[in-house]
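In what follows, chains are A, B, ... by sequence order, proteins preceding strands, each numbered from 1. Remember, it's a predicted structure, so these values are computed and weren't measured experimentally.
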Amino acid sequence: MDFQVVVLAGGNSKNLTPLVSKELPKPLLPVANCPVLNYVLHQLEQSNLKDLIVVVEGEDAALLVGAWISGTFIDRLHVEIAAVPEDIGTAGALRAISHHLTAKDILVVSGDLVSDVPPGALAATHRRHDAAVTTMLCSIPVSGPLESGSSGGKDKAKKLGRYNIIGLDPSKQFLLHIATEIEKDARISKRILHAVGQMEMRSDLMDAHMYAFKRSVLQEVLDVKDTFQSLKEDVLPYLVRSQLKSEALLNRTPQGEENSTEKVSSQNNQAFISRILANASTPSFHGIYSENPDGSSSTRKTHKCCVYIASSSSYCVRLNSIQAFMDINRDVTGDADHLLSPNNIIGPSPKLGTKTTVGPNCRLGEGSEMGDKCQVKRSIIGRHCRIGSHVKVVNSVVMNHVTIGDGCIIQGSVICSNVQLQERVELKDCQVGAGFVVTAGSEYKAESLAKKEK
Amino acid sequence: MDPRRTARTVSDPKVRQVGFFTPAPPERSISDPPRFQDPIQPPSPSPTQVNDHSPSGNSLSPVMIPPAHHHSDNFLRTALQVTSPTKAFSYSAKTVTIPPENEDVASSFSPGRKVVSAKSPSSFPGVKASSVPASELTTVSVVNLPPGISEKAGGASVEVQNDRPVSAKTLKEKTSKAERRALQEAQRAAKAAAKAEGTKASSAASKVVTSANTKPSKAAKSSSQKNDGSQVAASEKKGGDRAPEKDRKKDAPHPRMQYDDKSRVEKAKKRAVVKQTEARNRVELFRHLPQYEHGTQLPDLETKFFELDPMHPAVYKVGLQYLSGDIRGGNARCIAMFQAFKEAIKDYSTPPEKTLIRDLTARISSYVSFLIECRPLSISMGNAIKFLKNRIAKLPLALSESEAKSTLMLDIDRFINEKIILSEKVIVKHAVTKIQDGDVLLTYGASSVVEMILLHAHELGKHFHVVVVDSRPKLEGQLLLRRLVRKGLSCTYTHVNAVSCIMQDVTRVFLGASSVLSNGTVYSRVGTACVAMVAHAFRVPVLVCCEAYKFHERVQLDSICFNELGNPDAISKVQGREEINYLDGLVNQENLQLLNLIYDATPSDYVSMIITDYGMIPPTSVPVIVREYRRDHLWS
């Protein structure tokens with residue numbers, strides 16, 4: 001279908017500091033015992049997209065991710081890994097691999113997207129409108145655990161500030177305005193507003209960070225605007241802003257066959273054909289705007305920015321904060337369990353002690369052992385964990401090779417790999433970094449524990 | 001409005017003398033004189049003004065389409081090719097080997113690439129420290145396609161089945177029971193499909209197919225048989241290109257399937273690419289037409305975007321645009337389809353062990369059935385597809401692949417230029433002679449030809465007034481009105497409800513058509529019949545403008561047998577007016593049926609004249625055009 005897929009997997013994310021580390025880059029962060037990148041790749045594989053470029057920040061991370069992919073997707077996907085320096089942003093990462101892009105359209109997917117929206121839908125919308133860029137919007141997920149009270153108030157407050165202000169045309173097909181943060185006043189292009197006549201402002205939608213770009217447009221923008229760092233905050237708003245006054249840089253591109261054929265007025269037949277085709281379709285506001293008052297098509301250049309709005313029943317969340325990590329873990333084992341790919345094997349059932357209860361919506365990795373009279377509710381426990389007796393684990397994520405002593409109580413926390421919890425530790429809403437040792441009898445609440453950097 | 005006109009009885013179409021007056025061009029008068037001058041009826045004094053203004057129209061000579069080349073020298077060879085494949089193809093299924101695909105896949109990135117064997121992750125230290133501007137790609141995982149999946153394999157297995165008649169003797173011992181049965185079923189299905197088509201030609205085709213089983217050398221008897229044989233062979237193969245299952249390749253989807261025949265509908269559903277949920281409440285008379293739940297098709301097709309491998313992107317795009325209604329109108333749909341096919345042919349390369357003629361025909365057939373699933377074909381598209389398939393079938397074997405491709409692309413261009421653009425220009429020239437100063441012209445809907453006529457007459461400096469009649473739900477007339485008003489024409493806009501009031505002032509009615517059938521029936525946008533009938537009652541001449549490539553030999557007496565059903569929601573809701581919601585919640589009730597027809601049939605009684613690229617003719621002369629011109633120029 002002449003599409004190339006770029007997965008921006010990222011590297012070490014600051015938002016997830018205690019969870020990710022040099023040994024465990026963000027793409028490999030386990031969600032329900034299965035790296036988060038797996039969800040994206042699995043989704044793409046199901047859509048028959050088997051030729052992928054995965055961009056990872058940092059070489060070490062690239063090695064780790066590459067090793068994991070080659071181990072998991074051998075014979076199933078054709079994946080190429082590109083390592084880019086850290087902190088060059090999403091636009092920078094694309095710029096770095098721009099010379100590898102050859103197809104007509106490029107599908108850019110964020111590696112931390114956990115979603116069941118088929119990428120084909122976005123691509124089809126893109127093609128149908130012959131758009132310069134198409135972005136996927138989804139409704140903002142419900143954040144926080146189902147029971148209120150136990151969630152970190154800090155994270156929630158942060159999330160509230162991160163609205164997207166999105167302007168749509170009445171048919172909900174075109175993107176007219178996008179701003180990532182609430183500013184005191186939003187600037188809306190008068191020209192666009194005048195051309196469309198009506199704009200619908202939405203704040204209940206979220207940019208899912210899945211884009212389809214026309215390759216020529218993307219490369220031009222990346223070339224010319226070399227200060228652009230982020231796709232979401234620079235490139236996309238730029239394209240949206242300039243959709244009715246496409247600058248010279250977009251004109252050289254073969255964007256829209258109609259435009260190029262109209263130019264050659266000497267070829268009368270071509271003009272004829274394009275006029276018949278143009279008259280046959282309902283014109284979008286772009287077409288009406290680019291018309292001169294006397295009806296002839298003018299030299300005003302436009303490009304289309306389209307949106308695909310995922311239906312509210314589909315699941316679509318980005319893993320970009322600790323709260324989101326908790327939410328996704330909860331949803332993937334609960335409501336959205338169809339996302340779990342079949343290759344996520346549940347090993348030989350773990351050894352449970354007497355009177356130990358494991359509630360619903362739990363997932364236990366292979367080789368884990370639990371002592372007597374434990375309680376596990378709505379939690380995920382990784383592989384080869386050793387859990388003592390009288391331990392209570394609620395709403396938590398426990399990764400691999402964790403040792404938990406007798407009598408611990410863990411609520412709403414994330415415990416990374418190789419952590420040792422000694423006896424009678426009480427944790428509430430904490431994040432414990434990899435390899436940390438919590439001494440016996442200590443109590444923590446809403447703290448982030450990690451080994452000090454040596 | 002005009003006392004000179006006498007009343008005519010509707011029941012006797014022969015009375016009409018209105019339309020035909022162009023001096024019959026020599027070839028036409030020779031070919032069929034009695035049709036044109038009705039000797040039975042003396043010319044009544046009634047003939048309308050149409051007649052009076054004709055002299056300027058006489059100066060126009062009918063368009064001559066240059067006679068197409070006869071590939072008579074290639075007949076035999078092509079025929080042999082089509083009916084009895086050459087020996088190169090008579091291999092058995094067991095010898096098919098699929099080359100491993102990794103090399104192709106891996107070679108997509110050439111510069112600075114490092115292909116690391118997926119099985120040796122130990123070589124990963126090879127990832128280079130990359131600078132900012134450019135970074136290297138490292139292949140970490142490659143795909144080994146299992147032979148069953150690749151399209152090539154599917155096609156190959158089908159090919160084997162098609163070729164079996166030739167090597168049947170040798171294979172007989174080897175074939176298993178299941179295989180023999182599949183072969184039998186395929187033949188039966190081909191026969192059934194041919195029967196269902198109901199035309200003479202295809203029954204001949206089935207004869208060809210069956211006779212090919214026994215004595216392939218006898219098969220090529222006449223050119224017509226040969227062509228149809230190729231088509232049937234193609235349709236048999238087509239399924240195989242899309243899916244290797246035997247079920248799928250059986251019967252070609254018939255464009256005119258009867259949708260109240262449950263077993264056929266079930267079969268078609270299994271085969272369909274687009275998931276189609278049929279609407280429950282359908283109007284009794286129209287059960288035989290497909291009516292799907294709208295809104296379910298588009299999202300479903302979109303999600304499959306990457307899964308339809310053999311579909312060319314351009315074809316896919318056009319299909320989406322048909323489905324969503326972004327492209328409509330007979331000419332535009334036809335042009336869009338042909339441009340997509342042109343792209344597809346440009347990117348086409350013959351798979352190994354296959355011939356271009358057969359494989360490309362199959363490929364085009366699969367595209368066409370995809371487009372049918374998106375929206376039923378218009379008659380103009382059907383004619384165009386026939387033309388293209390014919391051109392492919394008649395390609396001389398000696399041509400190289402690139403030559404064949406460029407020939408086909410030229411053919412497509414020629415079709416668009418001659419059959420659509422040139423004929424529109426000729427129609428405009430003819431029709432403009434009918435427009436006088438002070439005329440009030442009425443048009444219905446938005447026809448591309450009528451629009452050009454009006455604009456051209458305006459450019460010539462004629463002073464006239466235009467009445468644009470429109471109807472819900474599509475309101476296409478508004479788009480036409482917008483373009484006319486911008487050009488400075490004086491217009492009146494009204495809906496079809498008011499047509500009887502405004503008809504008093506009108507002097508001419510110009511209508512577009514989706515198709516003209518051989519009994520003179522004009523098949524066009526729903527509402528056209530109503531406008532034509534009112535015009536007839538007011539004795540206003542009705543001029544139908546239609547390109548000759550849209551003519552069809554079918555005879556249709558009503559608009560029930562063949563029609564298309566639109567989205568019923570479009571008529572139950574009023575766009576932009578949320579407060580009109582009286583039907584909310586009633587739509588799914590058992591005792592409510594919504595009918596949104598797309599086309600209707602205007603009886604020839606109401607049509608004074610048909611303006612086509614061969615001149616201006618009465619509706620009774622349509623069969624002549626269909627018979628003489630299409631056979632000579634389009635199909636040769």
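Atom CG of residue B:Asp326 and atom CZ of residue A:Arg128 lie 5.0 Å apart, to the nearest 0.5 angstrom. In this structure, CD in B:Gln321 is found 11.0 Å from CZ in A:Arg127, a value given to the nearest 0.5 Å.
Of the two parts of B:Glu424, only the side chain, counted from C-beta on, holds a non-hydrogen atom closer than 4.5 Å to a non-hydrogen atom of chain A. Looking at B:Leu480, neither its backbone nor its side chain comes within 4.5 Å of chain A, counting heavy atoms on both sides.
Between chain A and the residues B:Asn331, B:Asp413, B:Ile335, the largest count of heavy-atom pairs under 4.5 Å involves B:Ile335.
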